[in-house]
Amino acid sequence: MAGLASRWTAVGRTLLGGIGNGSSGLLKSPHELLGSLSCGSFFSQQQRTFIQMRTNLKVVDNSGAKRVMCIQALRKRKTGAKLGDTIIGSVKEAQPRGKVKKGDVVYGVVVRAAMSRGRCDGSEIKFDDNAIVLVNKQGEPIGTRVFGPVPHELRKRNHVKILTLAEHIA
């Protein structure tokens, strides 16, 4: 039991930045650390990051693809793709008689991302899934309809055609 307590103390120190002597308001003992870890704590929440290589994205247009895996994010910084960024992806699932086939390498614009993004008015926008709209090399959408909500930040990135095809602008 002592080994377990020392291990939880080490975990608590690394996660909480050290355990103080009570004056900083942090937890004092491993038992209090275990008692504070409930179902909604930071252990059970998944950290949302950029869309990076090998991320599976849902396709939300009627081009024929259902799921695309990201090959590369086309950004100057190498961190990954955010809302409005263009990516290169490979089609993993497709409808039988669509414009694109399984295995095709396609371009796409990220229209929904699970990573939260701050807006100018101080609010944040975050979606439940990662989704893209397939485009050609000139940036024009392949499909003729876009399903689901699309953020209005795409207007700043010159993806106005996607906004005109969208059924709901968030």
Side-chain angles (χ1 to χ4, degrees), residues 11-12 14-17 37-170:
V11 169
T14 58
L15 291 175
L16 298 174
L37 297 178
S38 62
C39 184
S41 70
F42 57 87
F43 280 118
S44 65
Q45 295 176 355
Q46 182 179 3
Q47 179 67 32
R48 301 294 184 170
T49 59
F50 292 102
I51 294 170
Q52 56 192 352
M53 188 185 305
R54 297 184 62 85
T55 301
N56 286 313
L57 301 113
K58 182 179 177 182
V59 180
V60 292
D61 61 5
N62 60 350
S63 61
K66 291 181 181 177
R67 188 172 55 93
V68 169
M69 186 179 73
C70 178
I71 294 174
Q72 182 179 11
L74 299 178
R75 291 189 70 193
K76 293 179 182 165
R77 286 178 254 132
K78 304 224 183 237
T79 53
K82 296 192 288 188
L83 280 175
D85 289 338
T86 304
I87 66 165
I88 300 174
S90 171
V91 177
K92 293 298 178 184
E93 290 179 28
Q95 294 173 346
R97 289 172 290 282
K99 295 178 184 173
V100 294
K101 306 287 184 241
K102 181 180 176 182
D104 287 351
V105 176
V106 293
Y107 287 84
V109 174
V110 178
V111 294
R112 292 200 295 262
M115 181 179 161
S116 64
R117 182 186 191 285
R119 287 187 163 173
C120 297
D121 61 355
S123 63
E124 287 187 341
I125 185 164
K126 180 172 81 169
F127 294 98
D128 292 336
D129 59 349
N130 297 319
I132 64 168
V133 171
L134 299 185
V135 296
N136 57 15
K137 288 188 178 184
Q138 288 77 30
E140 301 163 353
I142 294 175
T144 57
R145 294 179 65 195
V146 176
F147 307 110
V150 173
H152 66 82
E153 283 88 0
L154 295 180
R155 190 178 311 275
K156 296 177 187 173
R157 301 280 190 128
N158 296 327
H159 298 296
V160 182
K161 182 71 174 169
I162 295 174
L163 287 173
T164 59
L165 296 175
E167 60 186 23
H168 180 15
I169 298 175

Results of side chain to side chain contact (heavy atoms under 4.5 Å, CB included) for L163 - residues two or more places apart only: V150, L154, R155, I169
Contacts of type side chain to side chain contact (heavy atoms under 4.5 Å, CB included), residue K161, not counting sequence neighbours: P141, T164
Stepwise side chain to side chain contact (heavy atoms under 4.5 Å, CB included) check, V160 with I162: CA-CA 5 Å; V160 182; I162 295 174; over 6 Å; no
Evaluation steps, side chain to side chain contact (heavy atoms under 4.5 Å, CB included), between V106 and N136: CA-CA 7 Å; V106 293; N136 57 15; over 6 Å; no
Pairs touching residues 90-115 that satisfy salt bridge (charged side-chain N to carboxylate O under 4.0 Å, His left out), sequence neighbours left out: R67-E93, R112-D129
Hey, does the side chain of [X] reach the backbone of [Y] with a donor-acceptor pair shorter than 3.5 angstrom?
| X | Y | result |
| --- | --- | --- |
| Q72 | I87 | no |
| H159 | G84 | yes |
| D61 | R145 | no |

Might you point out which heavy atoms bring [X] and [Y] nearest each other, and give the distance in Å?
| X | Y | answer |
| --- | --- | --- |
| G80 | A73 | C-CB, 3.9 Å |
| A65 | V59 | O-CB, 3.5 Å |
| F147 | N62 | CE1-N, 4.0 Å |
| I125 | P151 | CD1-CB, 4.1 Å |
| A81 | V110 | CB-CG2, 4.3 Å |

Criterion side chain to side chain contact (heavy atoms under 4.5 Å, CB included) on L57 and C70, from CA distance to verdict: CA-CA 7 Å; L57 301 113; C70 178; 4.0 Å; yes
Gap between atom NE2 of H152 and atom CG of L83 - 0.5 Å precision: 10.5 Å
Value rounded to 0.5 Å, distance of OG1 in T55 from CD1 in I132: 11.0 Å
L74/Y107 under side chain to side chain contact (heavy atoms under 4.5 Å, CB included): CA gap, chis, key distance, verdict: CA-CA 10 Å; L74 299 178; Y107 287 84; 3.6 Å; yes
Side chains of V60 and V111 in contact at under 4.5 Å (non-hydrogen atoms): yes
Any R119 side-chain heavy atom under 4.5 Å of E153 side chain: yes
